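Only one structure is covered here, and it is reproduced in the block below.
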Amino acid sequence: MHSRFLLRLHILMVLFLAGASFNSFAQSRSLSGSVKDHAGQPLPGAAVLSVDGKRGGVTDIDGRFNVMLDDSDKSVTVSFMGFISQTLNIAGLERIDVVLQPDNTALEEVVVIGYGSAKKTDLTGSVASVKMSDIEDTPSTSFDQALQGK
């Protein structure tokens, strides 16, 4: 009697696990496409994420992507540094091609620091800008001497 109970329990557990794994596979879907800029150039490294940010990926060197999403995901956000992010409705779609427009205001807030970049608001040191016309007529033997005191 005890072995019959264990056998039934084992069969129920196998059926439950099989149903649970079947449901988890049935709930995901693939979304592919490309991301380009306004001039038609591919944007490698653009983020394609579900709105909750839990699923998604980035574009390859040709601006193409293929991401796995849940069936419950009805929209994705596509973003790339220096461009305006877009949130797109993907209900019923398997492929989308996105064209991102430049965000000129965001580009003014980025400072190149030699080995990376940072927003102006995140910098702790001082930042200065020197025009080439200010140092053209300065007598100096090197570039760093021309910048001294400017």
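If you're wondering where the values come from, they're calculated on a predicted model, not measured in any experiment.
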**Prompt:** Between Pro44 and Ile61, which heavy-atom pair has the shortest distance, and what is it?
**Reply:** CB-CA, 3.6 Å
**Message:** Is there a side-chain contact between Asp37 and Leu100 in this structure, where contact means two heavy atoms from C-beta onward sitting under 4.5 Å apart?
**Reply:** no
**Complete:** Value for CG (Leu93) from OG (Ser75), rounded to nearest 0.5 Å, stands at 11.5 Å
**Nearest heavy-atom neighbours spanning Ser28 and Met68** = OG-CE, 3.9 Å
**Request:** Answer yes if Leu88 and Leu69 sit in the same cluster of Ile, Leu, Val, Met, Phe, Trp and Tyr residues linked by side chain heavy atoms under 4.5 Å apart, and no otherwise.
**Result:** yes
**Prompt:** In terms of hydrophobic clustering (I, L, V, M, F, W, Y; side-chain heavy atoms under 4.5 Å; direct or indirect links), are Met81 and Ile84 co-clustered?
**Reply:** no
**Message:** Within this structure, what is the CG-CG distance for the pair Leu43 and Asp62, rounded to the nearest 0.5 Å?
**Reply:** 12.0 Å
**Prompt:** Is Asp97 salt-bridged to Lys36, going by a charged N under 4.0 Å from an acidic O?
**Reply:** no
**Asked** Is the side chain of Arg29 donor-acceptor paired with the backbone N or O of Gly92 at a distance under 3.5 Å, no angle test?
**Response** no
**Request:** Ignoring hydrogens and angles, tell me if any N or O in the side chain of Gln86 forms a donor-acceptor pair with the backbone of Val99 under 3.5 Å.
**Result:** yes
**Polar side-chain atom of Lys54 near backbone of Val51 as donor-acceptor pair, under 3.5 Å** = no
**Side chain proximity check, Arg55 to Asp70, heavy atoms < 4.5 angstrom** = yes
**Message:** How close do Arg95 and Gly33 get, counting heavy atoms only, and between which atoms?
**Reply:** NH1-CA, 3.3 Å
**Asked** Got Asn66 and Leu31 here, is their nearest side-chain heavy-atom distance under 4.5 Å?
**Response** no
**Min side-chain heavy-atom separation Asp60-Phe65 under 4.5 Å** = no
**Request:** Examine Val67 and Leu49 and state if one hydrophobic cluster contains both, with Ile, Leu, Val, Met, Phe, Trp and Tyr joined whenever side-chain heavy atoms are less than 4.5 Å apart.
**Result:** no
**Prompt:** Does any non-hydrogen side-chain atom of Val76 lie less than 4.5 Å from one of Ile96?
**Reply:** yes
**Request:** Could you check if a side-chain atom of Ser32 sits within less than 4.5 angstrom of a side-chain atom of Glu94, using non-hydrogen atoms only?
**Result:** no
**Request:** Evaluate the criterion side chain to side chain contact (heavy atoms under 4.5 Å, CB included) for residue pair Asp103 and Phe83; output intermediate values, then yes/no.
**Result:** CA-CA 5 Å; Asp103 185 2; Phe83 289 83; 5.6 Å; no
**Request:** Take Ser85 and Thr77, measure what side chain to side chain donor-acceptor pair (under 3.5 Å) needs, and give me the verdict at the end.
**Result:** CA-CA 7 Å; Ser85 297; Thr77 300; over 6 Å; no
